[in-house]
Amino acid sequence: MQVNDIHPLRPDTEEFIHIQERLAKQIDVSRPLRLEDLRTVAGVDLAYAGEGDSETGFCHIAVFDTATMRVMERAGAVGEIDMPYNPGFLTFRELPLIVEAAGKLETVPDLFLFDGNGILHPRRMGIASHASFFLGKPAVGVAKTYFRIAETEYKEPGWEKGSYTDITVGRETLGRAVRTSAGVKPVFVSPGNGIDLDSATDLVLSLTGPESRLSIPVREADISTRRMRREWEKEQK
DNA sequence: GCGACAG
DNA sequence: ATCTTGTCGC
């Protein structure tokens, strides 16, 4: 698929906040989207090997056919990671490999699911929101742990599957703590761009199986990413 | 200065 | 994210 060239993939650190604030103004989280409207959804994730100045990243994108929930295409990218992890700036660390992998896809997925947040971010620009501009497609963020921003807090959702609570800042609801499976820790869902919160929540719940609290596409990408690393390490005599 | 901190 | 064995529980 063709990826949009929104800005340099490795901008100077001083430009990070400016870029995020500029793109944040263009986010649209008012659009309802149902699973039935989507023919394909893609899960994106990365794994890492090494540390410090010799880090290697492994990105994998798994595209699912929503009618059969079978993987219909995969694409990956491996490369050096120069940017260290910094809360609030995850995008700049992972975007280069995501863009490279997406560019190899023949299919243009109708929506992307990310391991991380969407607008549940200090400047409303988590990785799902940011990447959506490059991908030109709706995106949803599903984080495994809570990213507390400003004075945000959330109440623990009920223990039954499908239960959720809102994560709100002032009068604005940025995301939800969602119990995707009974009795397990909740995941944190937030729309990235091109989709509203209700739709994002429904989508994640619909795409979550009994094997994991994560949605199937993200879990598949997560597993694949470690397989990539395993095979890469095997070739590194 | 201290604590918090998506992946 | 990653480093890691056994172990508590359904």
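Values in this document were obtained by computation on a predicted structure and should not be read as measured data. Computed over heavy atoms, backbone and side chain alike; hydrogens, waters and symmetry mates excluded.
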Within the structure, does a side-chain N or O atom of A:Tyr85 lie under 4.0 Å from either OP1 or OP2 of B:dA6?
yes
Measuring to OP1 and OP2 of B:dC5, would you say a side-chain N or O of A:Thr145 lies under 4.0 angstrom away?
no
Which is true for [X] with a 4.0 Å heavy-atom rule: it touches a base, it touches only sugar-phosphate, or it touches nothing?
| X | result |
| --- | --- |
| A:Phe58 | nothing |
| A:Phe114 | nothing |
| A:Gly88 | base |
| A:Ile127 | base |

Between atom [atom1] in [X] and atom [atom2] in [N], what is the gap in whole Å?
| X | N | atom1 | atom2 | result |
| --- | --- | --- | --- | --- |
| A:Leu214 | B:dA6 | CG | P | 15 Å |
| A:Arg226 | C:dA1 | CZ | C1' | 9 Å |
| A:Tyr48 | B:dA6 | OH | P | 13 Å |
| A:His60 | C:dA1 | NE2 | P | 16 Å |

Do the side chain of A:Glu73 and the main chain of A:Glu106 share a donor and acceptor less than 3.5 angstrom apart?
yes
Using modelled atom types and a 3.5 Å cut-off, is there a donor and acceptor pairing between side-chain atoms of A:Glu220 and backbone atoms of A:Phe64?
no
Measure from the side chain of A:Arg229, starting at C-beta and using heavy atoms only, and say which of B:dG7, B:dC5, C:dT2 lies closest.
C:dT2
A:Glu94 side chain, from C-beta outward: closest of B:dG7, B:dC5, C:dT2
B:dG7
Classify the ring geometry between A:His7 and A:Phe92 as parallel (under 30°), tilted (30 to 60°) or perpendicular (over 60°).
tilted
Charged N to carboxylate O below 4.0 Å: is that the case for A:Arg31 and A:Asp196?
no
